[in-house]
Number of protein chains: 2
Amino acid sequence: MDVRTACLGILTRGDATGYEIKKLFEDGPYHYFVEASFGSIYPALGRLTEEGLVSVRAEARAKRPERKVYSITDKGRRAFVEALTGPLPEDRFRSPFLFAMTFEDLVPNEHLKAMLDHQIATAQSRLVQLEQSASATNRGQAFVCDFGRTMYATMLQYLKQRRSEFAAPVLDAAE
Amino acid sequence: MDVRTACLGILTRGDATGYEIKKLFEDGPYHYFVEASFGSIYPALGRLTEEGLVSVRAEARAKRPERKVYSITDKGRRAFVEALTGPLPEDRFRSPFLFAMTFEDLVPNEHLKAMLDHQIATAQSRLVQLEQSASATNRGQAFVCDFGRTMYATMLQYLKQRRSEFAAPVLDAAE
DNA sequence: GTTTGCATGTAAACGGTTACATGATTGG
DNA sequence: CCAATCATGTAACCGTTTACATGCAAAC
């Protein structure tokens, strides 16, 4: 999903500044399947404003830089629902890890072990985060959260199960 | 993984033309976690040649356009192993589907049903493809293939299990 | 007193896709 | 006869990232 549409989505849930939108992408339940930097969020918000899909009000605050609070308009709301209703781009999973594993025979065993351990640690921490995350506020959020838990749990199980097969130390039996 | 590195990887397995590399990305076991278009492959190959990481020989064939067969050089092989050994970019899963599900309350139930069914059908066909795919030629390929099978199987199970919850027809009980 | 958090934005560079241009061969 | 496959490449465009520029307030 492009940043434009993602911002529009966030704003259907309530007003926000560009800064807050970034926070929501990072910390919120969207974290696992969308992401965006300031360099894409601010221009997107500018364009959405031009097109009348969102409106801005500048809040001047004593001794701090002004903040621009964005609200979605009716037109924006309609455009967003249209985007959700139309054909969605396909999900894509890009995995440098799996790519590297394909060339496992070219990588020294020591590094292979490190790679697998890193992958396990990452999956583990993501799973923990998902399990600790606040219970969802609606059906959709619950669906997505459970999806993530299920997938990461499976991934973790698979990686752990297969690890020994690849990382069996040959000489260093003590470790 | 960028197209450059991906091409280099393919060429560690044997010589190929730009056209064949694209085919391998599309049909081979890489399909699920890398992709590239001609517009990125040809320039990448050109740059790799300039840098001496690959070499080209032009095969002129009677009455057909010439083909340029690329081979990886020793320098290229070393560069590739270095890329695999260095820190890898993080895996990323971008899911317009999950994003849309988060806003399930804004989408008409009929469309939600279609979305889920589409997702189920996609996962199903990918799983079938993976299950039918030729058995891997090495440990790494087997690992990756099984990874895919495991993940898609889990995804499919989850989607099917949850479908009723979301798509329960309200009026059209006959369907 | 230094780091973190809040807050906005721009410009250049990057990597990639899409569309275009070309053309012969093979299979239905 | 038409579509698909083989085969190469370029140019325009697009969205995004990275780095830069700025600055105050609060927490440590």
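Reminder, nothing fancy here: chain letters follow the sequence lines and each chain counts from 1. Below, all heavy atoms of this structure are taken into account, side chains as well, without hydrogens, waters or symmetry copies.
- Between A/Tyr70 atom OH and C/dA7 atom P the separation is 13 Å, expressed in whole Å.
- In this structure, the side chains of B/Gln141 and B/Asn138 come closer than 4.5 Å at one or more pairs of heavy atoms.
- In this structure, the side chains of B/Pro29 and A/Thr102 stay at 4.5 Å or more apart for every pair of heavy atoms.
- Residue B/Glu59 contributes atom CD, which lies 10 Å from atom P of D/dT8 at whole-angstrom precision.
- A donor-acceptor contact shorter than 3.5 Å links the side chain of B/Arg149 to the backbone of B/Leu130.
- The closest side-chain heavy-atom distance from B/Arg13 to A/Phe103 is below 4.5 Å.
- Closest to the B/Lys68 side chain, of the nucleotides C/dT8, D/dG9, D/dA7, is D/dG9.
- Checking D/dT8, D/dT10, C/dG9 against every side-chain atom of B/Pro43, the shortest atom distance belongs to D/dT10.
- Taken from CD in B/Glu35 to CZ in A/Arg92, the straight-line distance is 4.5 Å, to the nearest 0.5 Å.
- Put simply, the side chain of A/Thr73 gets close to the backbone of A/Gly52: a donor and an acceptor are under 3.5 Å apart.
- Minimum heavy-atom separation, B/Glu66 to B/Ala58: OE1-CB, 3.6 Å.
- The rotation axes computed at either terminus of the helix from C/dG1-D/dC28 to C/dG28-D/dC1 lie 50° apart, taking five pairs at each end and rounding to 10 degrees.
- Only A/Thr17, A/Gly18, A/Tyr19, listed by number, bring a heavy atom of residues 8-22 of chain A to less than 4.0 angstrom from any atom of DNA chain C.
- Aromatic ring centres of A/Phe147 and B/Tyr158: separated by under 6.0 Å.
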Protein-nucleic acid N or O pairs under 3.5 Å, nucleotides 11-16 of chain C:
residue: C/dG16; atom: OP1; partner: B/Val3; partner atom: N; Å: 3.4

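- Here the P atom of nucleotide C/dT10 and the CD1 atom of A/Ile41 are 14 Å apart, to the nearest Å.
- Remark: A/Asp91 CG to B/Arg126 CZ distance equals 8.0 Å, nearest 0.5 Å.
- Nearest heavy atoms, A/Leu84 versus A/Leu88: O-CD2, 3.9 Å.
- A/Ile120 has its side chain within reach of A/Leu156: a pair of non-hydrogen atoms, C-beta onward, lies under 4.5 Å apart.
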